[in-house]
There are 2 protein chains.
Amino acid sequence: MRFSKKSEYGLRALIELTKHYGHPITRQQIAEEQHVPIVFLEQILLSLKHAGLLASTRGIQGGYQLIKPPKDVTLGQVIRVLDGPLAPIGCVSKTAYRKCEDCPYAKKSYCPLQHVMGGVRNAIADILDNYSLEDFISGTRSNRPARLGAVRRKSERA
Amino acid sequence: MRFSKKSEYGLRALIELTKHYGHPITRQQIAEEQHVPIVFLEQILLSLKHAGLLASTRGIQGGYQLIKPPKDVTLGQVIRVLDGPLAPIGCVSKTAYRKCEDCPYAKKSYCPLQHVMGGVRNAIADILDNYSLEDFISGTRSNRPARLGAVRRKSERA
DNA sequence: TTAATGTTTAGTAAAGTTGTCGAGATTGTA
DNA sequence: TACAATCTCGACAACTTTACTAAACATTAA
């Protein structure tokens, strides 16, 4: 149940991009600062760009920059772009639901596995979809509404 | 962030084994009941046996059986046997800790990634290490101590 | 003995992970 | 214009993991 290096590097890159929010930095700067293999990093930055999180400018003085306010980008969004759905099994994913092919419970009203794994997916999404880049670099999950059934930012999808 | 088929099949097999707790059933019965490829299933049952969860008897009338009371086996244990640690990155695992090789935060006192991922690992382990096979087949997390800081079964490891 | 079972070792096709390489396209500056 | 720094894009390759299958063998009950 691991996240890939891709997600890890991507998140580390976003730490750097968030620190420099407002002006572009080069892949080289990011790679050096965060110790990420530069050509692999490029792929990752491209994915994040295509997902609409980054903008890039070419040429001298070029580089990548974050185009959304750090508090509006959640770690959940980033990880879904780079690693796919958060859900531990397909039949509990909200972004990429896949019905179980030959699960004997598929046609019944209740599946034990689905029940537990649904809980796991929600626990993961509750954290990652409520944790922004701003929280990330400051190290605090800032003033989110408390848990315990209070209204909270919707645990978007998984 | 998926669990493998191995874990999924293993858990489905354990549903069957829990239902028949007390006497052996054959891989064939399990395979048919749960629609799991039989030869692959065998590997899985062997792993669970080596982990001390199952016993097997050979020959006619043989089969596999659960040797621990269903309420003493947690889903977390099972998944760790079949899929490895629950932790999403090595440096937050309690069962299989691996220090980050070249993370620039490795030598500092605080790592943002470690902070968030530690939370994720605990959320997952809190569920899976407190959910027994008994709960699993009954579909209810029975009378576990409530959340909210109350004493609860230790979230063992990940 | 024989048939039903588990045991063990090997192998393997497909997919995923973690990268590298190289030929361009674009841009600011001299 | 020429040049150098940068991003862009597609290919590809080594390695690992996943999800299996095959086959020879060991054990047991009837």
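Between A/Gln61 and B/Val39, the residue whose closest nucleotide on DNA chain C is further toward the 5' end is B/Val39.
Here A/His50 reaches the OP1 or OP2 of D/dC9: one of its side-chain N or O atoms lies under 4.0 Å away. Within the structure, every side-chain polar atom (N or O) of A/Thr57 is placed at least 4.0 Å from both OP1 and OP2 of C/dT27. For C/dG6, the OP1/OP2 oxygens have no side-chain nitrogen or oxygen of B/Lys49 closer than 4.0 Å. Here B/Ser56 does not reach the OP1 or OP2 of C/dT5: none of its side-chain N or O atoms lies under 4.0 Å away.
Of the candidate nucleotides C/dT8, C/dT20, C/dA3, C/dT8 has the atom nearest to the side chain of B/Leu46. Closest approach to the B/Arg58 side chain among D/dC7, D/dA29, D/dT27 is made by D/dT27 (side chain taken as heavy atoms from C-beta onward). Of all nucleotides listed (D/dA29, D/dA19, C/dG19), D/dA19 comes nearest to the side chain of B/Phe40. Side-chain proximity of A/Thr26 to D/dT6, C/dG19, C/dG6: nearest is D/dT6. Across C/dA4, D/dC20, C/dT20, the shortest atom-to-atom separation from the side chain of B/Gln43 is found for D/dC20.
To the nearest angstrom, P of C/dT5 lies 12 Å from OH of B/Tyr64. Taking atom CD1 of residue A/Ile25 and atom C1' of nucleotide D/dA5, one finds them 16 Å apart after rounding to whole Å. As a whole-Å value, the separation of B/Asp83 CG from D/dT18 P is 7 Å. Whole-Å rounding puts the B/Leu41 CG to C/dT5 P distance at 14 Å. Here C/dT5 presents its C1' atom at 14 Å from CD of B/Gln65, a figure rounded to the nearest Å. Here the P atom of nucleotide C/dG6 and the CG atom of B/Leu54 are 12 Å apart, to the nearest Å. One interatomic measurement links the two molecules: CD1 of B/Ile38 to P of C/dG6, which rounds to 8 Å at whole-angstrom precision. The distance between atom CD of B/Gln28 and atom C1' of C/dA3, rounded to the nearest whole Å, is 13 Å.
In this structure, A/His20 contributes its side chain and A/Glu16 its backbone to a donor-acceptor pair below 3.5 Å. Panel note: side chain B/Asp83, backbone B/Phe3; no donor-acceptor pair is recorded below 3.5 Å. For the pair A/Ser47 (side chain) and A/Gln43 (backbone), a donor-acceptor distance under 3.5 Å is present. Proximity of a side-chain donor or acceptor of A/Asp135 to a complementary backbone N or O of A/Ser132 within less than 3.5 Å is detected.
Put simply, the residue from A/Ser138, A/Pro69, A/Pro70 that forms a side chain to side chain contact (heavy atoms under 4.5 Å, CB included) with A/Thr18 is A/Pro70.
Aromatic ring orientation, A/Tyr131 versus A/Phe136: perpendicular (interplanar angle above 60°, classes split at 30° and 60°).
Contact check of residues 1-11 of chain A against DNA chain C (heavy atom, cut-off under 4.0 Å) returns A/Ser4, A/Lys5, A/Lys6, A/Tyr9.
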Review item, side-chain donor-acceptor pairs of residues 51-61 of chain B, under 3.5 Å, at least two apart:
residue: B/Ser56; atom: OG; partner: B/Lys49; partner atom: NZ; Å: 2.9

#### Entry: Working for salt bridge (Lys or Arg N to Asp or Glu O under 4.0 Å), residues A/Arg12 and A/Glu8
CA-CA 6 Å; A/Arg12 296 234 300 262; A/Glu8 188 191 320; 2.9 Å; yes
